[in-house]
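In this text the structure is predicted, and so the values were computed from the model without any measurement.
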Amino acid sequence: KPKREAAPKVATSVAVVEPEPEVISSLEQVLPAPASAYAGDGERGDMVFNNAVNALKTGNVEGGISQLQQFAAEAPQHAKADNALYFSGLGYMGLNDFEDAATAFESVAKKYPAGDAVVDALLKLAECRTKLNQPADARKAYQRIVKDWPDTPAAQAARSRLSSLPTPSASP
């Protein structure tokens, strides 16, 4: 049963003590640099990303790839860092460099497992593995999509492509 008496007063005041200036300066020397070259400047990061994608679209594929890779390395916390790696992979595919494309797509899945480009990167990774005559690795990527994102258009595409891959040979 609740009591009709008021709760007793509890002291909640806390003394705030500012650190000495020497302590603050010593912390500034120890603290790491910001995680992103574009920390606090999302617009600048967006501009760099868009310029790199435009380079891909206008035929400067090598330059676009380089800019996208540099952007992803310098701004790993930026919202478009995973997309930068994904588009660099597409650029490599455009150059028929499927090994470097596969590396870029793998980076998306490893570095940004919750990123919005992961499913598409895995589809492209499987495509690269198929072109590199690595059907077992392609199968793994498609199976991951089907398992982790079962009710998506990507899973439907993965199922379709799985059926066209050669079946693994049984070991005796």
Side-chain angles (χ1 to χ4, degrees), residues 32-39 41-172:
S36 171
Y38 305 102
D41 192 0
E43 286 183 29
R44 181 170 165 252
D46 289 345
M47 184 184 73
V48 170
F49 172 82
N50 291 333
N51 287 342
V53 171
N54 286 335
L56 287 179
K57 291 179 182 177
T58 58
N60 181 6
V61 179
E62 292 91 351
I65 291 169
S66 175
Q67 291 172 36
L68 288 164
Q69 295 274 331
Q70 182 177 352
F71 172 76
E74 290 177 357
Q77 302 298 319
H78 192 280
K80 293 184 179 176
D82 61 332
N83 294 304
L85 290 174
Y86 174 76
F87 282 115
S88 70
L90 292 180
Y92 282 125
M93 285 183 81
L95 297 173
N96 291 324
D97 183 350
F98 297 108
E99 194 63 49
D100 283 339
T103 300
F105 295 133
E106 286 173 337
S107 294
V108 173
K110 286 180 186 172
K111 293 179 181 179
Y112 304 98
D116 62 351
V118 173
V119 178
D120 293 328
L122 289 172
L123 278 173
K124 292 297 184 182
L125 172 61
E127 188 177 327
C128 289
R129 294 298 183 208
T130 301
K131 298 228 184 239
L132 292 167
N133 198 24
Q134 300 169 345
D137 291 333
R139 181 175 301 284
K140 288 178 188 174
Y142 287 138
Q143 288 172 335
R144 179 174 172 197
I145 294 167
V146 171
K147 177 182 167 252
D148 293 347
W149 297 275
D151 298 325
T152 63
Q156 185 176 358
R159 282 186 201 93
S160 170
R161 294 175 190 170
L162 269 170
S163 65
S164 67
L165 283 176
T167 57
S169 57
S171 299

Any donor-acceptor pair under 3.5 Å linking the side chain of [X] with the backbone of [Y]?
X    : Y    : result
D82  : D116 : yes
S66  : G63  : no
T103 : E99  : yes
Y142 : S163 : no

First locate atom [atom1] of [X], then atom [atom2] of [Y], and finally report the distance between them rounded to the nearest 0.5 Å.
X    : Y    : atom1 : atom2 : value
M47  : N54  : CE    : CG    : 11.5 Å
S107 : K110 : OG    : NZ    : 7.0 Å
Q67  : N60  : CD    : CG    : 6.5 Å
D120 : L125 : CG    : CG    : 12.5 Å
L123 : C128 : CG    : SG    : 11.0 Å
K147 : K140 : NZ    : NZ    : 13.5 Å

Considering all heavy atoms, the nearest [X]-[Y] contact:
X    : Y    : value
A81  : A72  : O-CB, 3.9 Å
G64  : A55  : CA-CB, 3.8 Å
L85  : Y112 : CD1-CE1, 3.8 Å
Q69  : S88  : NE2-OG, 2.7 Å
L122 : A109 : CD2-CB, 4.1 Å
F71  : A84  : CD2-CB, 3.6 Å

Would you call K124-E106 a salt bridge at under 4.0 Å N-O?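 No, K124 and E106 are not salt-bridged.
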For residues [X] and [Y], determine if any side-chain heavy atom of one lies less than 4.5 Å from a side-chain heavy atom of the other.
X    : Y    : answer
L56  : L68  : yes
R159 : P150 : yes
L165 : T130 : yes
N50  : K80  : yes
Q143 : V146 : no
V48  : Q70  : no
F87  : I65  : no

Please test M93 against E127 for side-chain contact (heavy atoms from CB on, under 4.5 Å), starting from the C-alpha separation and ending with a verdict. CA-CA 10 Å; M93 285 183 81; E127 188 177 327; 3.3 Å; yes
Check the pair N96 / K131 against side-chain contact (heavy atoms from CB on, under 4.5 Å), numbers first and verdict last. CA-CA 9 Å; N96 291 324; K131 298 228 184 239; over 6 Å; no
Which of F105, Y92, F49 passes ring-ring contact (aromatic ring centres under 6.0 Å, His included) with Y86? Answer is F105
